[in-house]
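Below, chain A is the first sequence line, B the second, and so on; all start at residue 1. None of these values were measured; they are calculated from a predicted model. What you see below is based on every heavy atom in this structure, not just the backbone, and it leaves out hydrogens, waters and symmetry mates.
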There are 2 protein chains.
Amino acid sequence: MIDYKLLEALATVLEHGGFERAGDALGLSQSAVSQRIRTLEIRLGQPVLVRSPELRATPAGQRLLNHVQQVQLLERDLATSLPTLTEPSSRLRIAINADSLATWWAEAIGRFCQEEGLLLDLVIEDQDVGLRRMREGDVAACLCSSPQPVAGARCMAMGTMTYLPLATPDYVARHFPDGLTEESLRHAPAIIFGPNDQLQHRFLAGVGFRSSFPHHRCPSSEGFVKMALAGLGYGMIPEIQASRELSAGTLVSIAPGHHLDVPLYWHFWRHGGGTMERMTQALKRTRILQR
Amino acid sequence: MIDYKLLEALATVLEHGGFERAGDALGLSQSAVSQRIRTLEIRLGQPVLVRSPELRATPAGQRLLNHVQQVQLLERDLATSLPTLTEPSSRLRIAINADSLATWWAEAIGRFCQEEGLLLDLVIEDQDVGLRRMREGDVAACLCSSPQPVAGARCMAMGTMTYLPLATPDYVARHFPDGLTEESLRHAPAIIFGPNDQLQHRFLAGVGFRSSFPHHRCPSSEGFVKMALAGLGYGMIPEIQASRELSAGTLVSIAPGHHLDVPLYWHFWRHGGGTMERMTQALKRTRILQR
């Protein structure tokens, strides 16, 4: 069998982003961790890590990482019947879109994680990067808006999140005194999440506007709402995230009646074992999203 | 003089993360953008971009980027006296820590950006990466907790953010029925932001606990609060972010009387021109942080 001490060292170095931290996590010296990685590379006949510009796995290292994470997931199942055999503290790494994490995720998954004593290692990624990390074995599951299948994984439709184009009433009075005109949209600053965020463009195309428009970039869900509240721009915000502001009237739609529904999909390893199955069931039961 | 069309193409390709998108932003075809980059590389005698594994600037490209962004900042000053000469929509790229963006930033800077018609391009980075991007000229300013000076930049102390160790009352009753004992801390799941987040370790060292502890990782400020509210763990949360939950009693301190103060520093280009000066003044006036 493979020497899993070596694979564990690899996974820990990548998870903690360095040899010294990996040593701390494993209770080993930094040089002992390096030695394990070297041994692994000698046995494999090729490098598993690239050291610069930043520490990451080689394609061979990624395949090993994929493997060891699947094994760790399966070990969790074993731990329920043989609790003394295995370490209980392995973390499940999941790629998730920022807006889900900022809104419904914790409520949907909280009880399940408490009951199972499961620790999460969440990484925020847009759908393309999230699915790539899934293919590379770097994450065990990915929550995103793409139904594009990943080899070896299953995909479950989770429902949709509704986005509304929101701004302060003062912003609307200032920038859209005559409603959403071509001229006003060309000058009113929007807020977008990042270069891959197409929600704003889709909304504007929906109201018949296809030119370029000024925009801030704010890669934080909560920062996004705060920027809208501070009158910096209008932006597409999940309805469930702005419910309080909508009730209080501190944010209003700049185009009442218009919204965008974004579907969400849960991609998870087919051979992720019982923990992944039960987590998927827990997510299936959530009533927060619209089906 | 340098042909700024070429440098603008470089900056736009990097900002938008691709040639096609840069073309859209500049109103050019993709091949026209590629041609400009090629011309730049021929004149320079070396590459300015690395295409894989991801698009990024070479060291020479970074120096050009630094230069063109400083020029764009200076152009903003010119635009106030000669408004018809320049494009008004250049964005100011700033590296910022996630908790500031999720809490006080928009309120502190909102009016200033509105008055100046300034657009922001915010990137969330921890202090090491933020200061490196500042040195490389990729961002014009950096808000972080390190006072380490950057060559060519000034540094202003912004005050401190107070962090409290918070969880639900139910979580405290479940995991700390006898207070914070060595045994309970060894098993109670914490929430940390990411591998560089040392707040939790500092808090635990402050109460005399230095062993390892189970933890979730959640790289989202708002997700962090939601996970604490869902009973998944305890974590260090900015007091200003949890004020509503603290008043309502939905989050409580697991160690009343304990807190951590994290200083914040604003690093900005010395030759960033009047816009940067006035922005710094606006930040100086904010009363949200403790001085």
Bottom line for B/His187: the part with an atom under 4.5 Å from chain A's heavy atoms is neither
Options A/Gly194, A/Gly27, A/Ser100, A/Ser220, ranked by heavy-atom pairs under 4.5 Å with chain B, top entry | A/Ser220
Taking atom CZ of A/Arg51 as the centre, does the number of heavy atoms from other residues, nucleotides or ligands within less than 6.0 Å exceed 12?
-> yes
Enter the distance from A/Arg217:CZ to B/Glu15:CD here, rounded to the nearest 0.5 Å.
-> 4.5 Å
Pick from A/His215, A/Gln241, A/Arg21, A/His16 with the largest number of heavy-atom pairs that fall under 4.5 Å of chain B = A/His215
Distance-only check: which donor-acceptor pairs under 3.5 Å involve side-chain atoms of residues 105-115 of chain B, not counting sequence neighbours?
residue  : atom : partner  : partner atom : Å
B/Gln114 : OE1  : A/Arg174 : NH1          : 3.2
B/Gln114 : OE1  : A/Arg174 : NH2          : 3.1
B/Gln114 : NE2  : A/Ala230 : O            : 2.9
B/Gln114 : NE2  : A/Gly231 : O            : 3.3

Of all of A/Leu120, A/Leu101, A/Asp24, which one pairs up most often with chain B through heavy atoms under 4.5 Å apart?
-> A/Leu120
Compare all side-chain heavy atoms of A/Leu122 with those of B/Pro219 and state whether any distance is below 4.5 angstrom.
-> yes
Quick one: what part of A/Ser212 sits under 4.5 Å from any heavy atom of chain B, side chain, backbone, both or neither?
-> neither
Roughly how far apart are A/Ile191 CD1 and B/Leu119 CG, rounded to 0.5 Å?
-> 10.5 Å
Let me know if B/Thr103 has heavy atoms under 4.5 Å from chain A in its side chain, its backbone, both or neither.
-> backbone
Around atom CD of B/Glu20, are there more than 12 heavy atoms of other residues, nucleotides or ligands at under 6.0 Å?
-> no
Measuring from B/Cys218:SG to A/Ile94:CD1, what's the distance to the nearest 0.5 Å?
-> 11.5 Å
Counting only pairs under 3.5 Å, give me each side-chain donor-acceptor contact of residues 221-229 of chain A, with atom names and distances, residues two or more places apart or in other chains.
residue  : atom : partner : partner atom : Å
A/Ser221 : OG   : A/Ala98 : O            : 3.4
A/Ser221 : OG   : A/Asp99 : OD1          : 2.7

